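The model shown is predicted, which means the values in this text are computed figures rather than measured ones. Throughout, protein chains are lettered first and strands after them, A, B, ... in sequence-line order, and every chain is numbered starting at 1. Excluded from the calculations below are hydrogen atoms, water molecules and symmetry mates; all remaining heavy atoms, backbone and side chain alike, are included.
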Amino acid sequence: MTTLDKSFEPASCEARLYAGWEASGAFAAQPDRDAEPYTIMIPPPNVTGSLHVGHALTMTLQDILVRFRRMQGRDVLWQPGTDHAGIATQMVVERLLDKEGVSRKELGRETFLSRVWQWKAESGGNITRQLRRLGASPDWARERFTMDEGLSVAVREVFVRLFEEGLIYQDKRLVNWDTALQTAISDLEVESRDVKGHMWYIRYPVEGDEEIIVATTRPETMLADTAVAVHPENETYKHLIGKIVTLPLTGRKIPVVADEYADPEKGTGAVKITPAHDFNDFEVGKRHGLEMPSMLDKQGRITLAELGEMPDFVRSLDGLDRFAARKLIVAELEAQELLVEVKPHPHMVPYGDRSGTVIEPFLTTQWYCNAHVLAQPAIKAVEEGRINFVPKQWENTFFAWMRDIQPWCISRQLWWGHRIPAWYDEAGKVYVARDEAAAQAQAGDGVALTQDEDVLDTWFSSALWPFSTLGWPEQTDELKTYYPTDTLVTGFDIIFFWVARMMMMGLHFMGDVPFRTIYIHGLVRDEKGQKMSKSKGNVLDPLTLIDEYGADALRYSVAAAAGQGRDVKLGAKIVETNRGFITKIWNAARFLEMNGVKPNPDFKPENAKLPLCRWVLARANEAINAATAGLDAYRPNDYAGACYRFAWGDVCDWFIELAKPGFASEDAAEIRDTAAYVLGVLLRLMHPLIPYVTEALWDHFGYGAACSLISAPWPTPVVVQDEAQALEATNWLIALISEIRSIRSEMNVPPSLKSPVLLQDASPQTLARAEQNFEAISRLARASEIGPLDGPVPKNAAQAVLGEATIILPLEGLIDLEAEKKRLAAALAKAESELKKVQAKLGNADFTSRAPEAILEEHREREQSFGNEVTRLSAALSRLA
RNA sequence: GGGCACAUAGCUCAGCGGUAGAGCACCACCUUGACAUGGUGGGGGUCACAGGUUCAAUCCCUGUUGUGCCCA
């Protein structure tokens, strides 16, 4: 065994260890093995994406879970893959084409798609390559892409079946139309932004020489107004209901209708109705049987096609952009003295989350999925606890959305994606089938068919991910073994986009939930808690952090900060600090190695005799329990904390320090064996969290074959002889050393000066412990000797109380008498105040009669121990007077 | 406007009926045989505010204020 380097160099070993794990087959699921499966489906990242800190968080948490379960002996499938991101990918490739000076349309559909596949082959693997840098351990051999042939079969199968069941249908209604991308998008892809807009008040003349003033934020849509609505109870306008308005600019005759949608409190209480350009107006239009002409085309330009005969002014607007048209229309209204006033009016305007342009409500025929029907079993599954959200409060968000779910518009006017398996004959009749031949069979020989031009929403295929990746609609062994999956790990931002839809599709087609637990984690923010964004310039690149500090430091940082329901604040400083922990472990191992520690397969922890060894084994038991409980409860911060406290607090600060003299004593063998055993526990315990450094040390010490820690068994608590007594003995020793250090530090006694430690009124057991541990006490508490106080208390000694005994440090001449008096007085005051509090409670009859016996007992003990402390501190203080 | 979180040491957070904690930062001391990427010690909190329940409230309940997120 070569000695360990002075420090851990992540860059020099991460790639090697990762390759070793992969080559060992540790990542691979083994459906043939007779082991309980544990499955996580990776939320497929966007194929155009590159690894950002959000991925680093979610993938680290998933990797921790799968490595943990793998070590517990489960047959782990962590299913990797990417989704085809219809809009995003098409945009990326179109931008490339732009540079070549060709457009998608010039290229044609087939050629364009081949260019997308070419792009995917060259650049689509970015994010999965980057995931490896993080140490993620999915089953790469099973990697899937939502546009793979198998997954595409699943998409067509689902579409056809839902169509046959009437759960997919075509409908003409308003959609959110992106005029830049020229496609429909779903409600979820629209973000409302606060905009400082205006409210225009426009005079509409009513028959009989009256007028009605309407208020609108979108004056240009008046070209397609087909009514004016007022509230039926609105006294101001009641008499106008049923009268005819001459719509300005167009001359169209439109009715005044009574509808409760017209809020008397808003604007003037009269509202223009444009059914083809507003979701609320559309409903009003349906209620009153109004015509629904459009006045905008797919690009958001004025079109006269559906408006009929129009005067010259309106004709002059043909083809003009909607915002330019607005200006001209307002100017014209003003010129005609029809504009009453303009008021600033902050309101919400819908924007496309991909294109960033204003979304138009647009009347078109699209394919819809009846989400309402599919949602019911999903709601029930959560209500009945067959699916659990962690943290639980996300259920509320889920229920609120699911109970009011709208029809899901699933068609997109794009080329990149799953083309809708629907064909039309010349009369426009639709045939939905698994392939063209089947459609032809339905239509009959010789009927000319053309396939629907549109593709499906990317989330439609993502919704099938938990079973399409396992081979569905084939009834594969994988499907039987791994469905339902165990845990879904994701951020709350895609509960509706993806999580809910997987539940709907999984329950409908598999008859069972797609996963049992949904672990929702927070968002990664910068050190100040600000959302990361390119415009703010506060984006952290996880790959840079890995290069600089190592993957382990990054993983530890995000996991330790991932409290339940909490956002993760991350900065380079934090990762740098946490790298110190990785280094600490490395150095502790290095020290043990220098002292001849190596794994001894014959060592039986239950035979350990030394109190220190039994103590550290007992602490290891506690750490194992705490770490395992943290992981079981999806509390990565608790898990990381348990590892940190055990590694740094117990092993480094105390076990190694107290063991130092032992390496040269007759107890050396047991100490070395215990140290090796405990290091082995520590490495296994921390492996899911910080896989690289632990594997490097595991291999170096020879706990197993190279790259075998990933497959090593998860540690379990061991039997420790007389565990309680072992804990007590070493805890006393630690307390003694801490007390002495505290006195010396506060009295400014230089460490170079050793002092005797005298114990007044110490029990024989205490004295024995003190003598047995003299070397350690000498090293750690700078004691020149330790023993019972023999004779009177030396003058002007420093003193402290520990249990039944008083610790006396004869430091005459070295201590500042006043400072020591002050210190003792403070300690006494503290003890007295605690004693008073306890006594007050015990003196309260209500307390003693109602509090449980265990609490009473605890209080009595505290009364005694504080009482003892008060007595001893008073005595100590009086000796200084 | 509706809903959900959150408010504990300078900062980040844990605790959640019975003795208020950690890490970082800060101050002081220490190059003691792995680690200065270190060690030791220390200061620092009426647990947002006001009521209520209870023998007992940071913890449970109600309200107020402030912050964040989601939906309209």
Side-chain angles (χ1 to χ4, degrees), chain A residues 3-4 6-8 187 191-192 348 391-401 404 492-493 495-496 522-523 525 527-531 549 553 557 560-571 573-574 576-595 597 635 637-638 640-641 644-645 648-649 652-653 656-657 660-661 663-664 737-752 754 778-782 823 830-831 833-835 837-838 840-852 854-856 858-859 861-862 865-866:
Chain A
T3 42
L4 284 167
K6 191 123 203 298
S7 67
F8 175 59
D187 298 348
E191 55 182 35
S192 297
M348 303 297 268
K392 203 167 171 49
Q393 71 258 19
W394 287 108
E395 278 183 6
N396 296 327
T397 312
F398 172 80
F399 285 139
W401 188 69
D404 184 37
F492 53 80
D493 45 336
I495 290 180
F496 308 141
L523 247 47
R525 296 169 175 278
E527 305 99 312
K528 286 177 239 141
Q530 303 246 2
K531 218 167 163 173
Y549 307 110
S557 299
Q564 267 194 8
R566 281 264 181 198
D567 283 346
V568 170
K569 290 183 182 115
L570 190 68
K573 189 80 202 306
I574 295 168
E576 186 182 359
T577 300
N578 287 322
R579 182 181 56 181
F581 178 49
I582 310 297
T583 310
K584 184 74 179 176
I585 291 159
W586 181 265
N587 278 304
R590 184 161 162 265
F591 174 76
L592 295 179
E593 181 194 32
M594 288 163 64
N595 283 278
V597 168
R635 303 181 67 112
N637 55 331
D638 283 0
Y644 186 96
R645 283 191 303 277
W648 206 317
C652 292
D653 288 350
I656 290 180
E657 291 304 327
K660 277 177 180 173
F663 284 122
I737 292 168
S738 302
E739 276 296 342
I740 299 171
R741 279 172 167 174
S742 179
I743 298 171
R744 294 178 56 107
S745 176
E746 283 190 55
M747 290 301 110
N748 283 319
V749 179
S752 54
K754 290 199 165 193
S778 163
R779 285 173 48 82
L780 300 179
R782 315 301 295 154
R823 195 183 65 81
K830 175 93 173 100
S833 122
E834 291 299 328
L835 179 63
K837 271 198 260 177
V838 177
K841 282 183 107 171
L842 286 170
N844 182 342
D846 284 330
F847 175 67
T848 49
S849 61
R850 291 180 191 242
I855 296 293
L856 286 174
E858 200 182 303
H859 279 72
E861 276 168 23
R862 284 176 55 206
S865 97
F866 283 124

How would RNA chain B look in dot-bracket form, 5' to 3', counting Watson-Crick and G-U wobble pairs with both distances under 3.5 Å and writing | for bases paired to another strand? ((((((((.[[[[.)..(..]]]].(((((.......))))).....[[[[[..)....]]]]]))))))).
Nearest heavy atom decides the nucleotide; on that basis, is A:Lys584 or A:Gln393 closer to the 5' end of RNA chain B? A:Gln393
Check every strand shown and say whether A:Arg823 touches a base, only sugar-phosphate, or nothing at a heavy-atom separation below 4.0 Å. nothing
Please compare A:Arg850 and A:Lys660 by the position of their nearest nucleotide in RNA chain B and report the one closer to 5'. A:Lys660
Donor-acceptor pair (no angle test) under 3.5 Å: A:Glu746 side chain, B:A28 base: no
Which part of the nucleic acid, if any, lies within reach of A:Glu657 when heavy atoms closer than 4.0 Å are counted: base, sugar-phosphate only, or nothing? base
Mind calculating the distance between OH (A:Tyr644) and C1' (B:A22) to the nearest angstrom? 9 Å
Hey, does the Lys NZ or Arg CZ of A:Lys660 hover above the aromatic six-ring of A:Phe591, less than 6.0 Å from the centre and inside 45° of the axis? yes
Heavy atoms only, 4.0 Å cut-off, all strands: where does A:Ser742 land among base, sugar-phosphate and nothing? sugar-phosphate
Check every atom of B:A34, B:U19, B:G41 against the side chain of A:Arg862 and return the nucleotide holding the closest atom. B:U19
How far does the P atom of B:A7 sit from the matching atom of B:U12, given to the nearest Å? 12 Å
So A:Ala588, base contact, sugar-phosphate only, or nothing? Heavy-atom distance under 4.0 Å. base
Would you mind classifying the nucleic acid contact of A:Arg779 as base, sugar-phosphate or nothing, using non-hydrogen atoms under 4.0 angstrom? base
Side chain of A:Lys569, heavy atoms from C-beta onward: which of B:U12, B:C55, B:G42 has the nearest atom to it? B:U12
